[in-house]
Amino acid sequence: MKQPKSYGTTLKLLVLVVVCCTISINLIPIHANPISSIEFNQAVDAAMYDVVSSSTFQQYVTNVIGFLVVPICPTKVEYPSRWPVSSSISELKMCYDGSSYIPQPWPQIYHEVGNRLMDALNKHYQMTMKAKFVPLVMNESLGYFENMKFAVESGQCDVAVADTTYTEERATKVKFSACPYGVTMNAFLRTDLDNTTLTGINELKHLNHSGINVTYYEGSVFETIAQENLQAATKFPTNYDNQYTLIRQRKVHAVIGDALDQVTWLENNKKECVGCYIRTFGLGGKFGVFTEATNRTSGSNSFHQRFPKCNGLQFLSVMILLMYVFVQAFEIL
Ligand SMILES: *[C@@H]1O[C@H](CO)[C@@H](O)[C@H](O)[C@H]1NC(C)=O
Ligand SMILES: *[C@@H]1O[C@H](CO)[C@@H](O)[C@H](O)[C@H]1NC(C)=O
Ligand SMILES: *[C@@H]1O[C@H](CO)[C@@H](O)[C@H](O)[C@H]1NC(C)=O
Ligand SMILES: *[C@@H]1O[C@H](CO)[C@@H](O)[C@H](O)[C@H]1NC(C)=O
Ligand SMILES: *[C@@H]1O[C@H](CO)[C@@H](O)[C@H](O)[C@H]1NC(C)=O
């Protein structure tokens, strides 16, 4: 006698579960990154102002890399009055290019920036959130910037803390923090090729002669520099790794690039580049952290903002429980 009744209940319950799921999935707007909002971006701006203005951060950068400059930030941004992220979220994901060829001290700097950013936010909003670092596996076919952009849009990452160089074009696609945390120096590395005959190369213009072979990372800002300053030299644009192969093989006289990258490489490869040296020639691009470019306000943001104490699964469970009670009551009648 009991069997058909409980069988019927199970069936109804199953149908209800399906209905509940459909309703909750359709009613709750699912944003790929539930944290992203105008106010969150503003909070990051305000906190990055505090980070770059701190003398201990400037000191840290000077200690780690002597010639990297932390630019003075003229734009002080006010923190939004309340923390614009749901209290159910206890960590901010900070990402960077996780490729093994990114040398120290860069990953160390990314962690320092991420931790200081988190500290500034925690201090202002009296929170105890944690910074979670996410070294990204890069999709080679997308390139550096598109990988990082995809990460903040998909929610894999909340703040891209790597040293992404600011450009007008990139600024239309992501939200760069108002205060950059560094400016690189441009440099050239003079290789061991013809090191006894071709001497006294100390300035960029000394490379502007026929018979001098230079290389650089194709498509980078260094290509523009070479084209504008080294018309007389023979140019060999190449990919990032191959620049260093050409140095080792003594195929080129100089490599145009980022000073820190070159210093790091030379420190690790001094044995293969005995007489090599580096000369800087001016400030490169400003770089900083970025978040997703968005027009969403934190109030309208997502399920988490509307039901801050509750996550989707809890919401679903409560609905199913209510339906179950309802069905039971119905069966009794
Ligand atoms: C990398 O990106 C390309 C282009 O968007 C895509 O077709 C491919 O599936 C991606 N590869 C991986 C491993 O994600
Ligand atoms: C520089 O490049 C030119 C053109 O490819 C080449 O003929 C020459 O041998 C190179 N010079 C050296 C020193 O390798
Ligand atoms: C480089 O050398 C070429 C040939 O001598 C000259 O025309 C050009 O103006 C030089 N470039 C710069 C930036 O001085
Ligand atoms: C020039 O380069 C060679 C390697 O090709 C190296 O053995 C030598 O010490 C270098 N000379 C100077 C003066 O740096
Ligand atoms: C935000 O709004 C502006 C103006 O309506 C629009 O141009 C821009 O594309 C929007 N940005 C995003 C990320 O939706």
Side-chain angles (χ1 to χ4, degrees), residues 48 51-54 57-75 95-97 99 101-114 116-117 138 143-145 147-149 159-171 174 176-190 202-204 207 214-230 237-241 243-244 247 254-269 276-290:
M48 281 311 291
V51 171
V52 303
S53 305
S54 126
F57 180 69
Q58 291 165 1
Q59 193 59 52
Y60 164 81
V61 169
T62 312
N63 290 346
V64 177
I65 344 150
F67 51 82
L68 185 86
V69 184
V70 181
I72 291 167
C73 188
T75 343
C95 63
Y96 53 89
D97 181 347
S99 310
Y101 59 75
I102 301 292
Q104 287 295 359
W106 285 115
Q108 184 198 329
I109 293 171
Y110 306 151
H111 282 238
E112 185 73 18
V113 168
R116 283 175 178 266
L117 170 62
M138 307 297 264
Y144 170 78
F145 179 71
N147 269 292
M148 302 293 287
K149 175 175 173 281
V159 186
V161 290
D163 56 320
T164 308
T165 304
Y166 178 96
T167 69
E168 297 278 328
E169 201 228 337
R170 287 174 170 179
V174 298
F176 276 98
S177 122
C179 304
Y181 71 78
V183 183
T184 52
M185 296 280 287
N186 298 327
F188 64 82
L189 185 151
R190 172 73 182 95
N202 289 311
E203 291 176 48
L204 187 62
L207 294 170
V214 296
T215 188
Y216 43 81
Y217 186 11
E218 187 167 19
S220 70
V221 59
F222 305 110
E223 177 156 47
T224 317
I225 290 172
Q227 283 165 351
E228 288 175 356
N229 296 281
L230 306 176
T238 188
N239 67 39
Y240 188 86
D241 284 341
Q243 305 175 90
Y244 296 107
I247 302 174
V255 182
I256 317 294
D258 174 72
L260 183 56
D261 281 4
Q262 295 190 342
V263 169
T264 310
W265 182 86
L266 190 54
E267 273 171 10
N268 295 327
N269 297 274
C276 298
Y277 60 88
I278 291 159
R279 295 285 181 267
T280 59
F281 58 87
L283 292 181
K286 290 181 179 178
F287 57 80
V289 308
F290 71 77

Are side-chain heavy atoms of Met185 and Leu260 found at a separation under 4.5 Å? no

Check whether any side-chain heavy atom of Val159 sits under 4.5 Å from a side-chain heavy atom of Leu117, and report yes or no. yes

Gap separating the CH2 atom of Trp265 from the SG atom of Cys276, nearest 0.5 angstrom: 6.0 Å

Working to the nearest 0.5 Å, report the span between OH of Tyr244 and CD1 of Ile247. 6.0 Å

Atom CD1 of Ile256 and atom CD1 of Ile225: how far apart are they, to the nearest 0.5 Å? 7.5 Å

For Gln104, look at atom CD and say whether over 12 heavy atoms of other residues, nucleotides or ligands are found less than 6.0 Å away. yes

For the residue pair Met148 and Phe290, establish whether any side-chain heavy-atom pair is separated by less than 4.5 Å. yes

Report the C-alpha separation of Leu266 and Ile278 in whole Å, then their side-chain angles, then the decisive distance to 0.1 Å, and conclude whether the side chain to side chain contact (heavy atoms under 4.5 Å, CB included) test is met. CA-CA 9 Å; Leu266 190 54; Ile278 291 159; 3.8 Å; yes

How long is the straight-line distance from CG of Asn229 back to CD of Glu203, given to the nearest 0.5 Å? 12.0 Å

With a 6.0 Å cut-off on ring centres, are Tyr240 and Tyr217 close enough? yes

Look up atom CZ in Phe57 and atom CE in Met48, then write down how far apart they are to the nearest 0.5 Å. 6.0 Å

Taking atom types as modelled, is there a side-chain donor on Ser54 or Tyr60 under 3.5 Å from an acceptor on the other? no

Do Val289 and Val113 have side-chain heavy atoms sitting under 4.5 Å apart? yes

Thr280 side chain vs Gly282 backbone, donor-acceptor pair below 3.5 Å: no

Taking Val255's backbone N and O only, do any of them form a donor-acceptor pair with Gln243's side chain (distance below 3.5 Å, no angle check)? no

Phe287 and Tyr181 aromatic centres sub-6.0 Å: yes

What verdict does the side chain to side chain contact (heavy atoms under 4.5 Å, CB included) test give for Val64 and Gln108, after you've listed the backbone C-alpha separation in whole Å, the side-chain angles of each residue and the deciding distance to 0.1 Å? CA-CA 9 Å; Val64 177; Gln108 184 198 329; 3.9 Å; yes

Any heavy-atom pair between the side chains of Thr165 and Val221 that's under 4.5 Å? no

Val52 versus Pro180, closest heavy-atom pair with distance: CG1-O, 3.5 Å

Minimal heavy-atom distance between Asp97 and Ala162, with the atoms involved, is N-CB, 4.5 Å

Quick check: does any side chain N or O of Gln262 sit under 3.5 Å from a backbone N or O of Leu189, one acting as donor and the other as acceptor? yes

How far apart are the C-alpha atoms of Tyr216 and Thr238, what are their side-chain angles, what is the distance that settles it, and do they pass the side-chain hydrogen bond (donor to acceptor under 3.5 Å, both in side chains) test? CA-CA 6 Å; Tyr216 43 81; Thr238 188; over 6 Å; no

Scanning both residues in full, the closest heavy-atom pair of Cys73 with Ala178 reads SG-O, 4.1 Å

Decide yes or no for Phe188 and Phe222: does some side-chain heavy atom of the first lie under 4.5 Å from some side-chain heavy atom of the second? no

Between the main-chain N or O of Thr264 and the side-chain N or O of Asn268, is there a donor-acceptor pair closer than 3.5 Å? yes

Under 6.0 Å between the ring centres of Tyr110 and Tyr96? yes

Contacts of Arg279 that satisfy salt bridge (Lys or Arg N to Asp or Glu O under 4.0 Å) - sequence neighbours left out: none

Is there a side-chain contact between Val174 and Thr164, using heavy atoms and a 4.5 Å cut-off? no

Take Asn202 and Tyr277 through the test side chain to side chain contact (heavy atoms under 4.5 Å, CB included) and record every step on the way to the result. CA-CA 9 Å; Asn202 289 311; Tyr277 60 88; 4.2 Å; yes

